[in-house]
Amino acid sequence: MGQIEQGLERALRTRPVPSSTQARLRFLLAAHRGSTQRVAAVLGVSQRTVQRWVMKKPGARRPPGPMQVRAIEEAVLARWQPRVRARRRAQAEAEGFVFHTRARFGFAAPAGSSDDPRVRWITQDLPGEVARELFAARDASAGEQQQTVILARALGHAYFREWGRRAHGLHVSFSDVEFADFSIG
């Protein structure tokens with residue numbers, strides 16, 4: 001998961017995801033009404049394995065391995081705040097969002113210009129069309145590169161060309177994203 005994908009996920013949540021494996025297992029059990037059988041089916045392990053993971057006795061508890069920890073994390077992320085995420089996504093698509101980033105920006109400009117790529121901090125309001133395009137790309141399992149192209153085009157239009165008021169022939173290059181953060185609402 002790249003920086004842009006992580007930023008989108010953080011923007012859609014209002015509460016932090018449980019950080020420990022035990023807290024994540026408790027959440028999964030609560031989401032499945034205490035059924036270790038359903039949790040086991042979601043994680044692709046046996047019911048007895050899930051029972052061992054959540055056992056209260058000190059000697060009986062066996063911690064999950066690295067692959068199981070990753071599966072638990074993915075299952076929790078998929079089920080964390082679904083209604084909040086849907087509401088915030090709809091809000092971003094309707095009203096837009098603020099994009100904060102530190103990345104390398106440069107321009108395709110005539111020879112002799114000083115538009116070589118350099119790291120910049122940018123905070124820019126972007127419209128809902130960009131949010132719709134980003135979410136559509138994410139839903140289609142587009143990679144970080146395609147999401148970067150979408151944001152480069154949007155930032156070029158909004159930030160560098162001031163919504164079409166200047167620098168009409170400017171082509172923006174956007175790379176080496178150090179962080180990408182989104183503010184919705």
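- Looking at residues two or more places apart in sequence or on another chain, you find a salt bridge (charged side-chain N to carboxylate O under 4.0 Å, His left out) between R132 and E129.
- Contact check for F97 versus L134: side-chain heavy atoms found under the 4.5 Å cut-off.
- S19 is linked by a side-chain contact (heavy atoms from CB on, under 4.5 Å) to nothing, counting only residues two or more places apart in sequence or in another chain.
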Acceptor/donor pairs from residues 177-185 side chains to any protein atom, 3.5 angstrom cut, sequence neighbours excluded:
| unit_1 | atom_1 | unit_2 | atom_2 | d |
| --- | --- | --- | --- | --- |
| E178 | OE1 | R102 | NE | 2.6 |
| E178 | OE2 | R102 | NE | 3.4 |
| S183 | OG | H100 | NE2 | 2.9 |

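- To the nearest 0.5 Å, atoms CG (L155) and OG1 (T101) are separated by 7.5 Å.
- L12 is listed as a side-chain neighbour of F135, based on a closest heavy-atom distance under 4.5 Å.
- Contacts classified as ring pair (Phe, Tyr, Trp, His ring centres under 6.0 Å) and involving residues 20-47 (residues at least two apart or in different chains) are given here: F27-W80.
- Sorted by first and then second residue, the ring pair (Phe, Tyr, Trp, His ring centres under 6.0 Å) pairs with a member in residues 136-155 form an empty list; sequence neighbours excluded.
- Judged by distance alone, with hydrogens and angles left aside, the side-chain atoms of R104 form no donor-acceptor pair with the main-chain N or O of S175 at under 3.5 Å.
- Within the 4.5 Å cutoff, the side chain of T49 has no heavy atoms near those of the L43 side chain.
- The closest side-chain heavy-atom distance from P64 to T21 is below 4.5 Å.
- With rounding to the nearest 0.5 Å, the separation of CD in Q6 from CD in E144 is 8.5 Å.
- Legend: residues meeting side-chain contact (heavy atoms from CB on, under 4.5 Å) with A41, ordered by chain and number and at least two apart, are absent.
- For the atom pair T148 OG1 and R153 CZ, the distance stands at 12.0 Å (nearest 0.5 Å).
- Applying the side-chain contact (heavy atoms from CB on, under 4.5 Å) test to A90 and every residue at least two apart in sequence or in another chain returns nothing.
- Residues that satisfy the salt bridge (charged side-chain N to carboxylate O under 4.0 Å, His left out) test with R85, not counting sequence neighbours, are E9.
- For R89, the salt bridge (charged side-chain N to carboxylate O under 4.0 Å, His left out) partners are E93, D139, not counting sequence neighbours.
- A 6.0 Å sphere centred on CZ of R48 holds more than 12 heavy atoms belonging to other residues, nucleotides or ligands.
- Summarising the geometry of A23 relative to P18, their closest heavy-atom pair is CB-CB, 3.7 Å, with the distance given to 0.1 Å.
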Distance-only criterion, 3.5 Å: show the donor-acceptor pairs between side-chain atoms of residues 69-78 and protein atoms not counting sequence neighbours.
none

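- To the nearest 0.5 Å, atoms CD (Q37) and CD (Q51) are separated by 9.5 Å.
- Checked against side chain to side chain donor-acceptor pair (under 3.5 Å), Q81 has the following partners two or more places apart in sequence or in another chain: T14.
- A distance of 8.5 Å separates CD1 in I150 from CD1 in I4, rounded to the nearest 0.5 Å.
- A heavy-atom distance below 4.5 Å is found between the side chains of V42 and R79.
- Applying the salt bridge (charged side-chain N to carboxylate O under 4.0 Å, His left out) rule to R87 yields no partners; only residues at least two apart in sequence or on another chain are considered.
- Looking at W53 and V39, their side chains never come closer than 4.5 Å, going by heavy atoms from C-beta outward.
- No side-chain heavy atom of V130 sits under 4.5 Å from any side-chain heavy atom of F99.
- The line from CG of L126 to NE2 of H157 is 10.5 Å long, rounded to the nearest 0.5 Å.
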